Amino acid sequence: MLPADMDTTPAIGAPRLNKGRRTANRILDAAEALFARNGYDATALRDIADMAGIQQPGLYKHFAGKEDLYRQVYARALEPLFALMDRIVDGPDDTPELHDLTARMTDLLALHPHLARLLIRAAIARDQDRDAIAADWLGRLVTYGRRITAKAGVQRSDDVLAVEIVSIFNVLLGYFWAAPLLESLTGRPAGTTALLDIQKAVLAGFVRSFGSNGLR
């Protein structure tokens, strides 16, 4: 779900995706939605193929199988975010990207809004229900959170940092997994640019408040 008023016309000079890449993205879109709605085990490849508008054997032209497809759903959404955070961690202390991080994270998640529910599933799963693939991606996300905190020069005890990471996680992802509630309250799609801008401002203010709460 893209912002309702976002211009999706390819930029002049931008490379056009070939047919195979467009089909793979359509499969990933369907898989992301169904995995988020039903969970990994309850999602069948035939359902993904049906939603993507292809025959099930056609999936194997792009993905090795269900597990590969599941991993690629996470990789497509999160690898650009991790690349951004790598640039921040490896860059100068005053890099503007550090201050824009929460807004950039919101924009990236807006391209893959179903991912929020996948990550929430991983976060609340008990050991007996643990999804190893999702847990690995979630663990990487938390590790980056710790690295970014250190880059910002913020000193925190382990307990305080853990609570703050979970709080940011909730505010960032909650916007997307609670999109039906937001849309019923506003009468507009959650992906609308104006609502996303409000979310960015709320999230940025929330993160700034950590510097004045006196917690160490």
Side-chain angles (χ1 to χ4, degrees), residues 1-85 103-123 125 131-138 140-141 172-184 188-196 199:
M1 177 175 61
L2 292 175
D5 51 356
M6 177 180 287
D7 181 5
T8 57
T9 303
I12 296 175
R16 289 185 176 274
L17 298 178
N18 61 34
K19 181 179 179 181
R21 187 64 257 175
R22 292 196 304 271
T23 301
N25 279 338
R26 196 165 72 248
I27 294 168
L28 286 168
D29 288 342
E32 180 187 310
L34 290 173
F35 285 138
R37 182 194 307 166
N38 304 325
Y40 179 82
D41 291 336
T43 298
L45 284 177
R46 64 177 176 276
D47 297 328
I48 296 173
D50 286 346
M51 181 177 282
I54 65 171
Q55 298 296 314
Q56 184 174 337
L59 290 173
Y60 297 101
K61 296 179 181 179
H62 306 277
F63 303 97
K66 182 177 174 179
E67 181 176 314
D68 178 45
L69 181 53
Y70 190 51
R71 292 182 185 277
Q72 291 302 319
V73 164
Y74 283 101
R76 181 179 67 155
L78 292 180
E79 288 294 359
L81 177 58
F82 293 161
L84 169 63
M85 290 193 282
R104 297 285 295 279
M105 291 172 74
T106 300
D107 285 336
L108 287 169
L109 286 173
L111 297 175
H112 306 285
H114 299 291
L115 188 77
R117 185 176 294 184
L118 287 172
L119 292 171
I120 291 290
R121 281 180 177 271
D131 177 339
I133 294 173
D136 177 65
W137 285 100
L138 180 61
R140 291 175 63 184
L141 192 60
L172 176 63
L173 298 184
Y175 178 90
F176 296 101
W177 70 257
L181 173 59
L182 178 65
E183 290 168 357
S184 71
R188 289 188 287 173
T192 300
T193 299
L195 293 180
L196 287 171
Q199 162 67 1

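As the structure is a computational prediction, the values presented were derived from the model and not from experiment.
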Is there a side-chain contact between [X] and [Y] (heavy atoms, below 4.5 Å)?
X    : Y    : result
W177 : L119 : no
M105 : L172 : yes
L81  : L141 : yes
L28  : F63  : yes
I48  : M51  : no
K66  : L69  : no
F176 : T106 : yes

[atom2] on [Y] to [atom1] on [X], rounded to 0.5 Å:
X    : Y    : atom1 : atom2 : answer
W137 : E79  : CH2   : CD    : 4.0 Å
L59  : D68  : CG    : CG    : 11.0 Å
R188 : L195 : CZ    : CG    : 4.5 Å
L173 : I120 : CG    : CD1   : 5.0 Å

Which atom pair, heavy atoms only, marks the closest approach of [X] to [Y]?
X    : Y    : value
G20  : H62  : O-CE1, 3.3 Å
N18  : R21  : OD1-N, 2.7 Å
A134 : Y70  : CB-OH, 3.8 Å
A190 : L182 : CB-CD2, 3.9 Å
A52  : R26  : O-NE, 2.6 Å

Apply side-chain contact (heavy atoms from CB on, under 4.5 Å) to L118 and D131, showing your working.
CA-CA 10 Å; L118 287 172; D131 177 339; over 6 Å; no
For a quick test of your reading: what N or O donor-acceptor pairs under 3.5 Å do the side chains of residues 31-47 make, sequence neighbours left out?
residue : atom : partner : partner atom : Å
E32     : OE1  : R76     : NH2          : 3.4
E32     : OE1  : H112    : ND1          : 3.3
E32     : OE2  : H114    : N            : 3.2
Y40     : OH   : E67     : N            : 3.4
T43     : OG1  : L34     : O            : 3.2
T43     : OG1  : G39     : O            : 2.7

